[in-house]
Number of protein chains: 2
Amino acid sequence: MRRSAEQTRGRILEAAYKLFRRQGYNRVTMDNIAEAAKLTKRTLYHHFNSKDQLLADVLESQHHLAVQAFRSFGDGLSGSAETIVQAMFQDLAVWADRPRWAGSGFTRLVIELADLPGHPARLIARRHKAKLEKCFGELLAQSGVGRPNKLARAVWLLSEGAVSLILVHGDRGYSAAASEAAITLVRHHLKNNGPELLPV
Amino acid sequence: MRRSAEQTRGRILEAAYKLFRRQGYNRVTMDNIAEAAKLTKRTLYHHFNSKDQLLADVLESQHHLAVQAFRSFGDGLSGSAETIVQAMFQDLAVWADRPRWAGSGFTRLVIELADLPGHPARLIARRHKAKLEKCFGELLAQSGVGRPNKLARAVWLLSEGAVSLILVHGDRGYSAAASEAAITLVRHHLKNNGPELLPV
DNA sequence: TGAAGTATACTCAATAGTGAATTTACATGA
DNA sequence: TCATGTAAATTCACTATTGAGTATACTTCA
């Protein structure tokens with residue numbers, strides 16, 4: 001089955017991501033992944049050198065998917081900064097409401113590996129979060145707000161906080177609270193940094 | 001050494017917390033803990049039935065310590081809501097600046113166990129976070145602000161977000177951004193909910 | 001035929017938990 | 001006051017299992 005290599009690889013990445021996202025790194029075994037991808041462990045090792053390597057590749061591929069998803073989310077919007085932020089938290093609420101939701105796979109894995117600063121997965125996760133924050137800033141810039149990156153960061157903080165606290169409490173109320181606080185910040189920001197007539 | 005039981009137990013709890021906080025649950029072994037507490041694994045099992053049980057007891061004891069610490073933090077303050085919030089983020093910045101800081105042990109463990117909703121450690125962590133948020137609300141109430149719990153939650157979200165993002169990026173700039181956003185929220189809140197002349 | 005892909009069946013180390021014996025500190029009786 | 005019984009505290013050496021990674025052989029397609 002020479003031709004299916006890429007396909008097999010994809011199937012493994014997908015199965016591995018599902019498991020890592022839900023159960024973290026340590027509690028997922030290579031056997032689990034093999035079973036989920038419907039092949040044997042030996043085949044897994046044919047495609048990936050090690051568990052760490054697999055994790056890194058999984059995050060790399062998810063990174064691209066997430067950036068794409070964010071871009072298409074942004075393309076669907078074309079309103080004020082307030083509209084954008086509202087849509088974002090709306091999305092968060094829907095996302096966090098899924099049955100066995102267990103937070104962002106990236107955040108989860110970074111935290112699990114928090115004491116291993118040099119781990120490749122951490123570097124990828126870091127790049128990922130930075131990229132999304134940047135994309136969000138660009139989206140806000142398009143809406144014409146001044147100092148978009150500053151606003152993006154503040155809103156991003158609320159969103160990350162909401163993810164953490166929803167996980168801890170299982171209470172989606174935190175999403176609404178974060179949304180409200182974010183809107184307040186947006187309005188305040190608009191007053192002080194004004195919507196620029198000529199977006200930079 | 002009949003009398004030292006309580007002492008030994010304490011030593012174990014302390015050593016276990018240090019390890020769990022830094023390395024999470026799965027990557028810490030009972031042997032590690034025994035070694036850190038300078039005793040054998042069998043003694044560990046004399047004091048605690050299982051690793052899960054130990055984790056639960058560790059969090060329980062840390063919960064009490066953290067609440068005490070927060071209370072004494074609160075007692076040292078007696079200013080406006082703005083002062084309180086500023087002090088809080090100042091504390092966060094100092095805390096996160098410690099050499100091998102790895103975030104809040106509670107958040108970390110909850111996230112690691114995110115897919116095990118019934119785990120006793122999660123219930124304790126949940127109670128813990130709720131309690132701290134409540135204490136924070138009470139502190140704000142003392143400063144005379146209206147709807148203190150609402151403000152507390154918004155600020156708390158920023159603080160949790162900052163912890164996450166500092167962990168991901170190792171960049172303390174997030175603490176400053178969170179602090180600034182929090183101050184903005186406080187001022188806005190004071191304008192709309194006014195400092196009540198007669199604190200409820 | 002040959003190389004990519006897959007399977008069976010293994011190795012070796014690590015780890016949660018245990019069995020049984022040993023030591024220690026205190027309470028009690030003489 | 002001092003021997004001594006006793007239960008708590010501790011140790012050493014073990015089991016059973018799990019999990020990352022591998023040796024080798026078989027299969028399929030170009």
Side-chain angles (χ1 to χ4, degrees), chain A residues 1-59 61 109 112-113 115-116 118-122, chain B residues 1-59 61 109 112-113 115-116 118-122:
Chain A
M1 299 169 181
R2 232 159 182 168
R3 281 287 161 73
S4 68
E6 217 33 55
Q7 216 177 333
T8 303
R9 212 184 126 89
R11 219 169 67 224
I12 294 172
L13 287 173
E14 200 182 325
Y17 181 63
K18 267 190 196 162
L19 290 168
F20 283 146
R21 191 186 51 200
R22 263 203 243 293
Q23 303 179 47
Y25 181 66
N26 285 287
R27 305 227 321 282
V28 170
T29 73
M30 291 300 261
D31 287 294
N32 293 156
I33 296 169
E35 194 188 339
K38 293 188 206 300
L39 35 76
T40 65
K41 192 160 57 166
R42 196 64 191 85
T43 305
L44 227 59
Y45 277 96
H46 183 76
H47 291 277
F48 301 92
N49 293 327
S50 68
K51 192 179 175 185
D52 285 281
Q53 179 66 54
L54 173 57
L55 174 63
D57 289 355
V58 162
L59 292 184
S61 81
L109 289 159
E112 185 167 349
L113 306 172
D115 53 314
L116 308 172
H119 198 289
R122 290 206 55 189
Chain B
M1 300 169 178
R2 234 159 180 169
R3 280 288 161 74
S4 70
E6 215 36 52
Q7 216 177 334
T8 303
R9 212 184 126 90
R11 219 170 68 225
I12 295 172
L13 287 173
E14 201 181 325
Y17 181 63
K18 266 190 196 159
L19 290 168
F20 283 146
R21 189 186 52 199
R22 263 204 245 292
Q23 304 179 45
Y25 181 67
N26 285 287
R27 306 227 319 284
V28 170
T29 71
M30 290 301 260
D31 287 295
N32 292 155
I33 296 169
E35 194 187 338
K38 294 189 206 298
L39 34 77
T40 64
K41 191 162 55 166
R42 199 65 189 82
T43 305
L44 228 58
Y45 279 95
H46 181 75
H47 291 278
F48 301 92
N49 292 327
S50 69
K51 193 179 175 186
D52 286 281
Q53 178 67 52
L54 173 58
L55 174 63
D57 288 355
V58 162
L59 291 184
S61 81
L109 289 160
E112 185 167 349
L113 305 173
D115 54 312
L116 308 172
H119 197 290
R122 291 205 55 191

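Order of the sequence lines fixes the chain letters, A, B, ..., with proteins taken first and strands second; residue numbering starts at 1 for each chain.
Under the side-chain hydrogen bond (donor to acceptor under 3.5 Å, both in side chains) criterion, Glu35(B) pairs with no residue, sequence neighbours left out.
Straight-line distance from the CZ atom of Arg27(B) to the P atom of dA16(C): 13 Å, rounded to whole Å. Separating the CG atom of Leu39(B) from the C1' atom of dT23(C) is a distance of 15 Å, rounded to the nearest angstrom. Per the geometry, CG belonging to Leu44(B) stands 13 Å off C1' belonging to dA9(D), to the nearest Å. As rounded to whole Å, 13 Å separates atom P of dG19(D) from atom CE of Met30(A). The distance between atom NE2 of His46(A) and atom P of dC26(D), rounded to the nearest whole Å, is 18 Å. If you take CD of Gln7(A) and C1' of dT6(C), they are 15 Å apart, rounded to a whole angstrom. Atom CG in Leu55(B) sits about 17 Å away from atom C1' in dG17(C), given to the nearest Å. Atom CZ of Arg11(A) and atom C1' of dT6(C) are 11 Å apart (whole Å).
Backbone-only contact: Thr29(B) has heavy atoms under 4.0 Å from sugar-phosphate atoms and none from a base.
Closest non-hydrogen pair, Ala36(B) versus Leu19(B), comes out as CB-CD1, 3.9 Å. Between Gly24(A) and Leu109(A), the closest heavy-atom pair is C-CD2, 4.2 Å. Annotation for Arg122(B) and Leu116(B): closest pair CD-O, 3.3 Å, computed over non-hydrogen atoms. Nearest heavy atoms, Thr40(A) versus Ala34(A): C-CB, 3.7 Å.
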Within the sub-3.5 Å range, which N or O atoms of nucleotides 10-12 of chain C have a protein N or O partner, and how far apart are they?
none

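Between Asp115(A) and Arg22(B), none of the side-chain N atoms (NZ, or NE/NH1/NH2) sits under 4.0 Å from a carboxylate O, so this pair counts as no salt bridge.
Using cut-offs of 30° and 60° on the angle between ring planes, the pair His119(A) and Tyr25(A) is perpendicular.
Leu13(A) places a side-chain heavy atom less than 4.5 Å from the side chain of Leu54(A).
Nearest nucleotide to the Asp31(A) side chain, out of dT10(D), dG19(D), dG17(C): dG19(D). With dA20(D), dA16(C), dA7(C) as the choices, the nucleotide that has an atom nearest any side-chain atom of Tyr45(B) turns out to be dA16(C).
Two residues, Asn32(A) and Lys38(B), neighbour DNA chain D, and the one matched to the more 5' nucleotide by heavy-atom proximity is Lys38(B).
Within the structure, a side-chain polar atom (N or O) of Thr40(B) is placed less than 4.0 Å from OP1 or OP2 of dT11(D). The phosphate of dT6(C) (OP1 or OP2) has a side-chain N or O of Thr8(A) nearer than 4.0 angstrom.
Of the options Lys51(A), Arg42(A), Lys41(A), a salt bridge (Lys or Arg N to Asp or Glu O under 4.0 Å) to Asp31(A) is made by Lys41(A) and by none of the others.
Under 3.5 Å, the side chain of Arg42(A) and the base of dG21(D) form no donor-acceptor pair of N or O atoms.
Contacts between residues 13-25 of chain B and DNA chain C, defined by a heavy-atom separation under 4.0 Å, are absent.
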